[in-house]
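Chain identifiers are assigned alphabetically (A, B, ...) following the order of the sequence lines, protein sequences preceding nucleic acid strands; residue numbering begins at 1 within each chain. Just so we're clear, the structure is a prediction, and the values are computed from it rather than from any experiment.
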Amino acid sequence: MHLQTLGPSPASPDEAAAQQERLRPLVDPTGPGPTDPRTVAGIDVADCEGTDEVVAAVVVLDARTLRPVETRTACARAGHPYEPGFLALRELPAVTAALEALEHVPDLIVCDGAGVAHPRRFGMACHVGLLTDVPTIGVAKSPPGPYEMPKPARGSWTPQVDGDDVVGRALRTQHGVRPVFVSVGHRIGLDAACDHVLRLARHRLPETTRRADRLARDAALRV
DNA sequence: GCGACAG
DNA sequence: ATCTTGTCGC
């Protein structure tokens, strides 16, 4: 699929922070998103053992059946060790390559990790949103900080607050199971984002994430 | 048993 | 992220 140009790739955390600050005003954290998406994509990344490479996987699912209609993987040098707040510095080159190889343009993209629930309000899901101009959601497996535990029922949630802003939710996707941490990426509001995550979640994590995770893991073994 | 899930 | 171990439930 065609991707927008967002300027030169940062080569250090400092440059990445500057890029995040530059791009964050372009994020639109509102709107209904796709009302009745036909396809939903999931993205995840796995490390290749022993090498300096990471592999990104993109899986496009039929939104109705949750069956895959297209899968792509791409490899890239990690370049930098992981640093909190700079996941994209490490993962985005591979993610970009995988997205470029994609033939379908999905109606919605679910990213592994944060959207606006990020130190500079510009997590990976925001980055992918601007890159693709497709509505994006960030679903993280661990919280950005302390949070209030939602009630045990599936669908219950508590707000994630940062200063004066609500930046995301701890959302229960299965009864009694540890919540996931949802934040908006681009071109969709938090209510709609949580609706989609809930609809995609047969287990704790949405099917998009599970499928992309497995594909990335498998591909990483073969590198 | 095999897959899911907790820590 | 990854690995290891142990329990739970279909």
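- The residues A:R90 and A:E83 are annotated as not salt-bridged, no charged nitrogen and carboxylate oxygen being separated by less than 4.0 angstrom.
- A:D213 comes within 4.0 angstrom of no nucleic acid atom, judged by non-hydrogen atoms across all strands.
- For A:E49, the side-chain atoms get nearest to C:dC3 when compared with the rest of B:dC5, C:dA1, C:dC3.
- When rounded to the nearest whole Å, the span between CZ of A:R214 and P of B:dC5 equals 13 Å.
- When the P atom of C:dT2 is taken as reference, atom CZ of A:R90 falls 10 Å away, rounded to whole Å.
- Using a 4.0 Å heavy-atom criterion, one finds that A:V54 contacts no nucleic acid atom at all.
- Within 6.0 Å of CZ in A:R64 there are 12 or fewer heavy atoms belonging to other residues, nucleotides or ligands.
- The distance from atom NE2 of A:H175 to atom C1' of C:dG9 is 16 Å, rounded to the nearest whole Å.
- Between A:R172 atom CZ and B:dA6 atom P there is a gap of 10 Å when expressed in whole angstrom units.
- Considering only the side chain of A:R210, B:dC5 comes nearest among C:dA1, B:dC5, B:dA6.
- Using a 4.0 Å heavy-atom distance criterion, A:R217 is classed as a sugar-phosphate-only contact.
- Here the P atom of nucleotide B:dC5 and the CZ atom of A:R202 are 13 Å apart, to the nearest Å.
- The side-chain heavy atoms of A:V40 and A:P106, taken from C-beta on, include no pair separated by under 4.5 Å.
- Between the CE atom of A:M124 and the C1' atom of C:dA1 there is a distance of 13 Å, rounded to whole Å.
- Between the P atom of B:dA4 and the CZ atom of A:R211 lies a distance of 11 Å, rounded to the nearest Å.
- No more than 12 heavy atoms of other residues, nucleotides or ligands shown are found within 6.0 angstrom of CD on A:E148.
- Here B:dG7 presents its P atom at 11 Å from CZ of A:R204, a figure rounded to the nearest Å.
- Checking C:dA1, B:dA4, B:dA6 against every side-chain atom of A:H203, the shortest atom distance belongs to B:dA4.
- Aromatic ring centroids of A:H80 and A:F86 lie 6.0 Å or more apart.
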